[in-house]
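Numbers restart at 1 for each chain; the letters A, B, ... are given by sequence-line order, proteins then strands.
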2 protein chains.
Amino acid sequence: MPGRRKPTINEVAHLAKVGIGTVSRVLNNHPAVRPETRARVQAAMESLGYRPNPHARRVAGGRSYTVSVILPFVATEFYTRLIEGIEQVLQQERYDLALFPLLSRSRLERYLESSTFAYQTDGLIIASYDLTELFGGNLLPTDRPVTLVDAYNEHYDSSYMDNPLGGALAAEYLAQFPGEIFAIKLEEDIDRAFAKTTFGGRLAGFQHKLAELGRSLPQTHLYTTRFSAEGGQLALRQFIAQSPPPYNIFAGADLIALGVLEEAERQGLKIGHEVRVLGYDGQPWTEARGLSTLAQPVEAMGAEAARMLLKRIGGYRGAPRAVRFTPTLLERASTAPRAPIPAHP
Amino acid sequence: MPGRRKPTINEVAHLAKVGIGTVSRVLNNHPAVRPETRARVQAAMESLGYRPNPHARRVAGGRSYTVSVILPFVATEFYTRLIEGIEQVLQQERYDLALFPLLSRSRLERYLESSTFAYQTDGLIIASYDLTELFGGNLLPTDRPVTLVDAYNEHYDSSYMDNPLGGALAAEYLAQFPGEIFAIKLEEDIDRAFAKTTFGGRLAGFQHKLAELGRSLPQTHLYTTRFSAEGGQLALRQFIAQSPPPYNIFAGADLIALGVLEEAERQGLKIGHEVRVLGYDGQPWTEARGLSTLAQPVEAMGAEAARMLLKRIGGYRGAPRAVRFTPTLLERASTAPRAPIPAHP
DNA sequence: CTGAAAGCGCTTACAG
DNA sequence: CTGAAAGCGCTTACAG
């Protein structure tokens, strides 16, 4: 059974007693098909287990019906959700998605020049990086439309998250608690061309808002680490060594915050009182773990990027647009000793 | 200039004054072409900047000329090199590579059933995971040939690294130094279906060889952490708190070893005397950092996997083969106070 | 709304 | 060794 010759559009047409043109129209949601005919064709496709051959479609249609997504090569919930959002929109338009993980710079350059790319991409979504840096601040060396997601550049359509705002929300929130304020700073990629501004943006917004509130963040209250839970552990140890509790900590990422939580437990500090931690990302496990965090509409951001790109592929020529998405603070036990205080006493 | 209609095989044929069949033969390295003709055709392709349309080729040829590589979604040198090795072999055979990062289990299942997959894959290379677990210990639900790389399963061709041997080499090496032996254990993925055996294999080989040598590795000398440099830092702190120097440490991975090095420096311990660390992976930066490590022929392993798969795609039906690759110990300053002692006094 | 036909850019027997 | 032709499975005007 498996490996059997795949049914073609001819067989579907034959079974449905229509021409192949009509089958094609059904496939492409062309409006000019009688509902009755459409149903007959769909039944035929169903009963044959028909799957259109994408290569034939690409040859006949003269385009790739494929969008490439270039993204950092990191296993995070964030990218899973982002892709999810992008894919959903693409699917509706019968577009495929080709993932291009940024393994190395040379691979990217080879890719952009390869015939794979030339024949496989009607447009490009670039996630999290401003790759123009890679090309000396110039536009990317491609004639295909480009959309940025989780990043911003004035020359391209951009769908991005307001990280400084998230930082500001964090500052405003933590400032209301008794005790001093601490933050954990994440080392970003050293390679300028691949620099991300995510964490930097969050921290900048955080510090800016603190200043506005007349609060300070001395050097001793800022711990720098790479991206890991263990970094959070080390940070809390450092804070403990230098200042008395309570500690109100903006961790900048859920994973780091997790390390803080673990270390706090190990040290016997009361979470929500002596140690308050705020993560970032709103990962699924934060709820069960009782971690307060800033949640982001990642799927929506991805979907918007896909929509903007598809519009360009369709021939739209307007000025670049930027769509901004904002995070939401979720309050949990890591900053509130119990559930959020009810509205009336 | 950009976006101009791409030249086709017809134009090449016309310019070279041959039929399109001959152009196709040149493209596919068919031996039955006179060198002179071949040169003429190649010149024509060159001057037109001709790139064959892969979709047309796939429609006409009735296959995808594409191999899918399913791999963990982690940014490491290891995977860059692995892909490099695979890609090189595929390129020679005019095969494309489609990367499928394992963002989530549901995405994988959808992928295997998608028409993208059906029409885009003549064969499958799976890196680092034994995905049969995902399907209840059964074979993968696909009729395409499958090859495992950096993993082993008796039912499929496998190209793998001997991690236990690496651990044994590490044990043998570290046992020659004065002082006690320590190791850092890496938490592996908790999801059984996505379990990797890499680190476990290294440690098992390490412990086995130690036992053979009559040495022991007490619980206190084994620190468990997630995969991060900070984990190495924490590990060394723990060892210091419990035992006197010197420390002979098998870190299990270069990144962890880096954390150990950093912490040793911070603590003012003499590297190569009071602290000896051995990494694993042979990353490029280890040389400059003076980190001893176990280097692996990753590209060769990838290339072998690609060759085995291509053979299956070509119709080969023999019993599954397993090709084993072995690591090599590179001695640097982190274990040797100076360069390796010369052979004669 | 629908069918027949041309065309997309290749590969592959088939003859010579 | 080489050319002409058929065929791969679609899309897309073009007529009706």
Side-chain angles (χ1 to χ4, degrees), chain A residues 4-42 44-45 48-66 93-96 115-116 118-120 122, chain B residues 4-42 44-45 48-66 93-96 115-116 118-120 122:
Chain A
R4 175 160 265 68
R5 242 190 81 271
K6 302 179 182 81
T8 74
I9 199 173
N10 282 298
E11 298 162 50
V12 174
H14 183 79
L15 183 60
K17 298 184 193 313
V18 298
I20 61 166
T22 299
V23 178
S24 177
R25 281 176 211 109
V26 171
L27 238 26
N28 294 298
N29 283 315
H30 192 106
V33 178
R34 232 190 327 163
E36 188 187 277
T37 314
R38 181 183 304 277
R40 196 146 34 90
V41 171
Q42 275 163 340
M45 298 197 297
L48 289 170
Y50 171 71
R51 299 277 189 84
N53 181 330
H55 306 304
R57 180 169 178 244
R58 294 193 254 256
V59 174
R63 35 180 179 147
S64 71
Y65 301 97
T66 300
E93 306 297 322
R94 288 193 71 201
Y95 255 77
D96 270 333
S115 62
T116 305
Y119 283 102
Q120 172 173 290
D122 292 344
Chain B
R4 174 162 268 69
R5 244 190 77 274
K6 303 181 181 81
T8 73
I9 199 173
N10 283 297
E11 298 162 50
V12 174
H14 184 80
L15 184 60
K17 298 186 192 311
V18 298
I20 61 167
T22 300
V23 178
S24 177
R25 281 177 210 109
V26 171
L27 237 27
N28 294 298
N29 283 315
H30 193 108
V33 178
R34 234 192 325 164
E36 188 186 279
T37 314
R38 180 183 304 277
R40 197 145 35 87
V41 170
Q42 274 162 341
M45 298 197 296
L48 288 170
Y50 172 71
R51 299 277 187 84
N53 181 330
H55 306 304
R57 178 168 180 248
R58 294 193 254 254
V59 175
R63 34 181 180 146
S64 71
Y65 302 98
T66 300
E93 305 298 322
R94 286 193 71 203
Y95 255 76
D96 270 333
S115 62
T116 305
Y119 283 102
Q120 173 174 292
D122 291 344

task: Could you point out which residue of A/Arg94, A/Arg57, A/Met45 forms a side-chain contact (heavy atoms from CB on, under 4.5 Å) with A/Pro52?
output: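 The option that passes is A/Arg94.
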Looking at every non-hydrogen atom in both residues, tell me the closest pair between [X] and [Y] and how far apart they are.
X       : Y       : answer
B/Lys6  : B/Glu11 : O-OE2, 4.3 Å
B/Pro7  : B/Tyr50 : O-CD1, 3.3 Å
A/Val23 : A/Ile9  : CG1-CG1, 3.5 Å

task: Kindly express the pairing pattern of DNA chain D in dot-bracket notation, using | wherever a base pairs with another strand and counting only Watson-Crick or G-U pairs under 3.5 Å.
output: |||.||||||||.|||
- prompt: Taking it one step at a time, do B/Asn10 and B/Ile20 satisfy side-chain contact (heavy atoms from CB on, under 4.5 Å)?
  reply: CA-CA 6 Å; B/Asn10 283 297; B/Ile20 61 167; 3.5 Å; yes
Distance from [X] atom [atom1] to [Y] atom [atom2], nearest 0.5 Å?
X       : Y       : atom1 : atom2 : value
B/Arg38 : B/Arg34 : CZ    : CZ    : 12.0 Å
A/Asn28 : A/Glu93 : CG    : CD    : 11.0 Å
A/His14 : A/Leu48 : NE2   : CG    : 10.5 Å
A/Lys17 : A/Thr37 : NZ    : OG1   : 14.0 Å

task: Specify whether B/His55 and A/His55 have parallel, tilted or perpendicular ring planes, treating 30° as the upper limit for parallel and 60° as the lower limit for perpendicular.
output: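 Ring orientation of B/His55 relative to A/His55: parallel.
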Backbone N/O of A/His30 and side chain of A/Arg25: donor-acceptor pair under 3.5 Å: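 No.
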query: Reckon A/Arg40 touches a base, only the sugar-phosphate, or nothing at all at heavy-atom distances under 4.0 Å?
result: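 Nothing: the residue A/Arg40, judged by heavy atoms under 4.0 Å, touches no strand.
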message: Considering every strand and a 4.0 Å limit on heavy-atom distances, what is the contact class for A/Gly62: base, sugar-phosphate, or nothing?
response: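 Since no nucleic acid heavy atom lies under 4.0 Å of A/Gly62, the category is nothing.
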- prompt: Taking only residues two or more places apart in sequence, or in another chain, which ones meet B/Thr66 in a side chain to side chain donor-acceptor pair (under 3.5 Å)?
  reply: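 Scan of B/Thr66 (side chain to side chain donor-acceptor pair (under 3.5 Å), adjacent residues dropped) gives B/Arg58.
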task: Under the side chain to side chain donor-acceptor pair (under 3.5 Å) rule, collect the residues that match up with A/Tyr95, sequence neighbours excluded.
output: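 In terms of side chain to side chain donor-acceptor pair (under 3.5 Å), with neighbours along the sequence ignored, A/Tyr95 is linked to A/Arg63, A/Asp122.
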message: With the threshold set at under 4.0 Å for non-hydrogen atoms, list the residues of residues 22-35 of chain B touching DNA chain D in residue-number order.
response: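 Nucleic-acid contacts, sorted: B/Thr22, B/Arg25, B/Ala32, B/Val33, B/Arg34.
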Of residues 48-57 of chain A, the positions that come close to DNA chain D - non-hydrogen atoms, cut-off under 4.0 Å: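 Only A/Tyr50, A/Arg51, A/Pro52, A/Asn53, A/Ala56, A/Arg57 qualify.
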Along DNA chain D, first and last positions that approach a heavy atom of chain A under 4.0 Å: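 Listed 5' to 3', the contact boundaries are D/dG9 to D/dA13.
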query: Considering heavy-atom distances to DNA chain D, does A/Arg58 or B/Gly61 have its closest nucleotide positioned more toward the 5' end?
result: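 Nearest-nucleotide comparison on DNA chain D picks B/Gly61.
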